[in-house]
Amino acid sequence: MPDLLSVEGLCAGYGEARVLNDIGFALRPGESLALLGRNGVGKSTLIRSLIGLTRRQGGRLRFAGADITAAPPFRRARAGIGWVPQERAMFPSLSVEEHLTTVARRGPFDLARVYDIFPRLAERRANMGNQLSGGEQQMVAIARALMTNPRLLLLDEPMEGLAPIIVHDLAAVIRRLIAESGLSVIVVEQHARLALSMTARAMVLDRGRIVHDGPSTELLEDNDKLGRLVAVAA
C-alpha cells in the first residue's frame with residue numbers, strides 16, 4: 001500500500017531559526033502515530049510544518065502521491081490534512097454549529113456523525129464559542145477538523161489543560177476514530193502513556209531530530225526506555 005504521507009530530510013523553523021533537522025518518516029493510510037518528546041524539542045513545530053505554517057529550510061513532503069512541499073496551508077487542507085491546533089481557535093461570534101458548517105466538505109463526516117461522536121455538541125449547538133468550557137471547545141476543534149473530511153488528522157496537545165474526566169472521554173473518541181474511521185492520525189501529547197495507549201506507533205523527537213521510531217507497545221512495556229526518551233515514568 002502506498003504511503004499517505006512521506007517526509008524526506010525536512011528542516012524547518014521560524015525565520016532564520018532552525019528547529020527541525022533532517023526529519024524523515026512515512027505514514028500509511030489508517031496508521032496512528034504518537035509524537036513524543038520533552039518540551040521544546042520540536043513536536044508542535046513538526047505538526048505546523050506538515051500543515052505549512054513554518055519556514056521550510058530543506059527537504060520534501062508528499063501527501064497522497066502529490067508533492068506538497070511548496071503548497072500553502074489551504075491547499076494542504078483541501079488535499080486532506082486536518083489540523084486541531086493547540087490553541088483551539090474558537091470564534092466568539094460563531095455558534096457551535098456555525099463552527100462546524102462553515103468548514104464542511106463532502107464526505108463521511110457530517111453534522112449527524114460528529115454529533116453522534118460528540119453528543120454534548122448537539123446539546124450546545126446554538127451556544128457561541130465564548131460560552132463553552134475548555135473541554136467543549138476542544139470537542140468543537142476536533143469536530144471542526146473532522147467536518148473537513150481529512151485523510152490525515154493532526155492533533156496538537158488535545159488534552160492540555162483539561163479535567164481528567166474530559167481527558168478520558170476525548171481519549172475514547174480518538175481511539176474510536178483510529179479504530180473505525182480509517183483516518184491516519186498523528187497525536188502530540190505530553191501524557192506519554194496516554195498517547196501510547198491510543199496509537200500503534202510512536203516517534204520520539206529530541207533537539208529537532210528523530211531519536212526513536214517503533215511500536216507504541218514497545219515503549220509501554222519498557223519503563224526504563226520510556227523514561228530515558230521522554231523523561232517520564234507515567
Side-chain angles (χ1 to χ4, degrees), residues 14-15 19 35 39-40 42-55 71-178 181 183 185-191 194-195 198:
Y14 307 96
V19 179
L35 186 58
N39 289 331
K43 303 184 300 297
S44 291
T45 299
L46 177 51
I47 292 293
R48 293 174 65 85
S49 296
L50 296 180
I51 198 66
L53 294 173
T54 61
R55 181 171 178 267
F74 78 91
R75 292 200 182 278
R76 300 186 191 202
R78 286 181 181 174
I81 300 179
W83 176 46
V84 180
Q86 193 172 358
E87 300 82 8
R88 298 172 191 156
M90 291 295 102
F91 296 94
S93 61
L94 295 183
S95 69
V96 166
E97 193 149 306
E98 288 169 336
H99 272 91
L100 304 180
T101 56
T102 54
V103 300
R105 298 177 67 201
R106 290 184 180 179
F109 288 102
D110 56 14
L111 275 176
R113 187 169 181 187
V114 297
Y115 283 155
D116 175 67
I117 295 170
F118 296 108
R120 180 62 175 161
L121 297 187
E123 298 171 3
R124 304 279 274 169
R125 67 178 70 194
N127 287 82
M128 298 299 176
N130 60 356
Q131 297 174 322
L132 305 176
S133 69
E136 290 167 342
Q137 288 183 6
Q138 190 61 281
M139 293 176 195
V140 171
I142 296 173
R144 181 176 55 194
L146 293 175
M147 288 289 287
T148 69
N149 277 286
R151 299 178 65 182
L152 170 62
L153 183 63
L154 308 175
L155 297 162
D156 193 358
E157 300 279 7
M159 314 299 183
E160 184 179 31
L162 300 180
I165 184 63
I166 303 299
V167 169
H168 178 272
D169 291 346
L170 285 180
V173 166
I174 294 170
R175 290 188 185 98
R176 177 181 172 185
L177 289 172
I178 290 170
S181 70
L183 279 173
V185 178
I186 299 178
V187 184
V188 173
E189 181 53 58
Q190 288 296 328
H191 299 89
L194 177 61
M198 295 188 293

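Given the structure is predicted, the values throughout are model-derived calculations rather than measurements. The chain is numbered in sequence order, starting from 1.
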Could you check whether any side-chain heavy atom of [X] comes within less than 4.5 Å of a side-chain heavy atom of [Y], counting everything from C-beta outward?
X	Y	answer
Gln138	Leu162	yes
Gln190	Glu160	no
Leu50	Ile186	yes
Ile174	Met159	yes
Phe109	Leu177	yes
Arg48	Trp83	yes

Judged by atom type as modelled, is there a donor-acceptor pair below 3.5 Å linking the side chain of [X] to the main-chain atoms of [Y]?
X	Y	answer
His99	Ala141	no
Arg113	Asp110	no
Arg124	Gln131	yes
Gln86	Asp156	no

Can you tell me how far the [atom1] atom of [X] sits from the [atom2] atom of [Y], to the nearest 0.5 Å?
X	Y	atom1	atom2	answer
Ile47	Leu53	CD1	CG	11.0 Å
Thr102	Glu97	OG1	CD	10.5 Å
Asn130	Leu132	CG	CG	8.0 Å
Leu35	Glu189	CG	CD	11.0 Å
Ile142	Leu170	CD1	CG	5.0 Å

task: Carefully, step by step, assess Leu111 and Met147 under the rule side chain to side chain contact (heavy atoms under 4.5 Å, CB included).
output: CA-CA 8 Å; Leu111 275 176; Met147 288 289 287; 4.1 Å; yes
Minimum heavy-atom separation for [X] and [Y], please, with both atom names.
X	Y	answer
Gly82	Pro150	N-CB, 3.5 Å
Val19	Gly42	CG1-CA, 3.9 Å
Ser95	Ala126	CB-O, 3.9 Å
Asn149	Gly107	OD1-C, 3.3 Å
Gly135	Ile166	CA-CG2, 3.8 Å
Glu136	Ser133	OE1-N, 2.9 Å

(Q) Evaluate Val114 against Arg144 for side chain to side chain contact (heavy atoms under 4.5 Å, CB included), listing each step before the verdict. (A) CA-CA 9 Å; Val114 297; Arg144 181 176 55 194; over 6 Å; no
field: Residue pair Leu146, Leu183: steps toward the side chain to side chain contact (heavy atoms under 4.5 Å, CB included) verdict
entry: CA-CA 10 Å; Leu146 293 175; Leu183 279 173; 3.8 Å; yes
In terms of heavy-atom contacts, does [atom1] of [X] have more than 12 from other residues, nucleotides or ligands at under 6.0 Å?
X	atom1	value
Arg176	CZ	yes
Arg55	CZ	yes
Tyr14	OH	yes

Residue pair Arg125, Tyr115: steps toward the side chain to side chain contact (heavy atoms under 4.5 Å, CB included) verdict:
CA-CA 9 Å; Arg125 67 178 70 194; Tyr115 283 155; 3.3 Å; yes
